[in-house]
Peer 1: 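Would you mind keeping the following structure in view while I ask a few things?
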Amino acid sequence: QVQLVESGGGLVQAGGSLRLSCAVSGRPFSNYAMGWFRQAPGKEREFVSAISWSGDSTSYGDSVKGRFTIYRDNAKNTVYLQMNSLKPEDTAVYSCAARLGGNASPRAYDYRYWGQGTQVTVSS
């Protein structure tokens, strides 16, 4: 069983930065591609970013390109999401997800394991 625990969310002013972390346990982390998704109240879940199991491939949702960066540290079994130039519309619950092998998929149904999520609130 793979367990994912997110951290790093919080309240930040527009233009600020946050770094989210997702710690993975239960299986060799390096075997898993990882993704970040977010969901705001009353809205559908949205793809944010993903990274392949090897770390050499990444993908981003259009709304975060150029502002967010995903990276992983296989030695720490952790994937990170660096979020810069935050906007009020980035406010959401951010969840990380894992899939065995594979590329940096933007499709939520490709991911088998999910964390509980961490709240990010950006004030204007």
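Just so you know, these numbers use all the heavy atoms, side chains as well, and skip hydrogens, waters and symmetry mates. Heads up: numbering here begins at 1 and tracks the sequence.
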Peer 1: Any heavy-atom pair between the side chains of L4 and M34 that's under 4.5 Å?
Peer 2: yes
Peer 1: Are V48 and Y60 packed together at the side-chain level, in the sense that at least one heavy-atom pair is separated by less than 4.5 angstrom?
Peer 2: no
Peer 1: Between A104 and S57, what is the shortest heavy-atom contact and its length?
Peer 2: CB-O, 3.8 Å
Peer 1: If you link I, L, V, M, F, W and Y whenever their side-chain heavy atoms are under 4.5 Å apart, who else ends up in the same group as F47?
Peer 2: F37, Y111, W114
Peer 1: Among N84, L18, L86, whose side-chain contact (heavy atoms from CB on, under 4.5 Å) with F68 holds?
Peer 2: L86
Peer 1: Determine, stepwise, if the pair Q82 / S17 fulfils side-chain contact (heavy atoms from CB on, under 4.5 Å).
Peer 2: CA-CA 8 Å; Q82 178 65 44; S17 297; 4.0 Å; yes
Peer 1: Let me check something: do L20 and V93 share a hydrophobic cluster, defined by ILVMFWY side-chain heavy atoms less than 4.5 Å apart, either directly or through other members?
Peer 2: no
Peer 1: Have T69 and R19 got a donor and an acceptor in their side chains that come within less than 3.5 Å?
Peer 2: no
Peer 1: So, taking the atom named CD1 in I51 and the one named CG in N103, what distance separates them when rounded to the nearest 0.5 Å?
Peer 2: 12.0 Å
Peer 1: Other than Y71, which residues form its hydrophobic cluster under the rule that side-chain heavy atoms must be closer than 4.5 Å?
Peer 2: Y80
Peer 1: Find out whether Q13 and P88 are in side-chain contact, i.e. whether some heavy atom of one side chain is under 4.5 Å from a heavy atom of the other.
Peer 2: no
Peer 1: Are W53 and V24 grouped together when hydrophobic residues (ILVMFWY) are joined by side-chain heavy atoms under 4.5 angstrom apart?
Peer 2: no
Peer 1: Do the side chains of L81 and V5 join up, straight or via other hydrophobic residues, at under 4.5 Å, putting them in one cluster?
Peer 2: no
Peer 1: Just by distance, no angles: are the side chains of Q39 and S95 close enough, under 3.5 Å, to form a donor-acceptor pair?
Peer 2: no
Peer 1: Nearest 0.5 Å, what's the OG-CH2 distance between S49 and W36?
Peer 2: 10.0 Å
Peer 1: Of all heavy-atom pairs between A23 and T78, which one has the smallest distance, and what is that distance?
Peer 2: CA-OG1, 4.1 Å
Peer 1: Is a donor on one side and an acceptor on the other found under 3.5 Å between the side chain of T118 and the backbone of G9?
Peer 2: yes
Peer 1: What's the shortest heavy-atom distance between R67 and S85, and which atoms?
Peer 2: NH1-O, 2.9 Å
Peer 1: For residues Q119 and T91, determine if any side-chain heavy atom of one lies less than 4.5 Å from a side-chain heavy atom of the other.
Peer 2: yes
Peer 1: Is it true that the NZ or CZ of R72 lies under 6.0 Å from the centre of F29's six-membered ring and within 45 degrees of the ring axis?
Peer 2: yes
Peer 1: Should D90 and K87 count as an ion pair when the cut-off is N to O under 4.0 Å?
Peer 2: no
Peer 1: First locate atom CG of N77, then atom OG of S30, and finally report the distance between them rounded to the nearest 0.5 Å.
Peer 2: 8.0 Å
Peer 1: R99 vs R112, test: side-chain contact (heavy atoms from CB on, under 4.5 Å). Steps then yes/no.
Peer 2: CA-CA 6 Å; R99 63 185 296 236; R112 179 175 181 182; 5.8 Å; no
Peer 1: Is it true that a side-chain atom of E6 and a backbone atom of Q116 form a donor plus acceptor pair closer than 3.5 Å?
Peer 2: yes
Peer 1: Over all heavy atoms of both residues, which pair between G101 and A33 is shortest? Give the atoms and the distance, please.
Peer 2: O-CB, 3.3 Å
Peer 1: Side chain to side chain donor-acceptor pair (under 3.5 Å) with D56: which residues, sequence neighbours excluded?
Peer 2: S52, S54
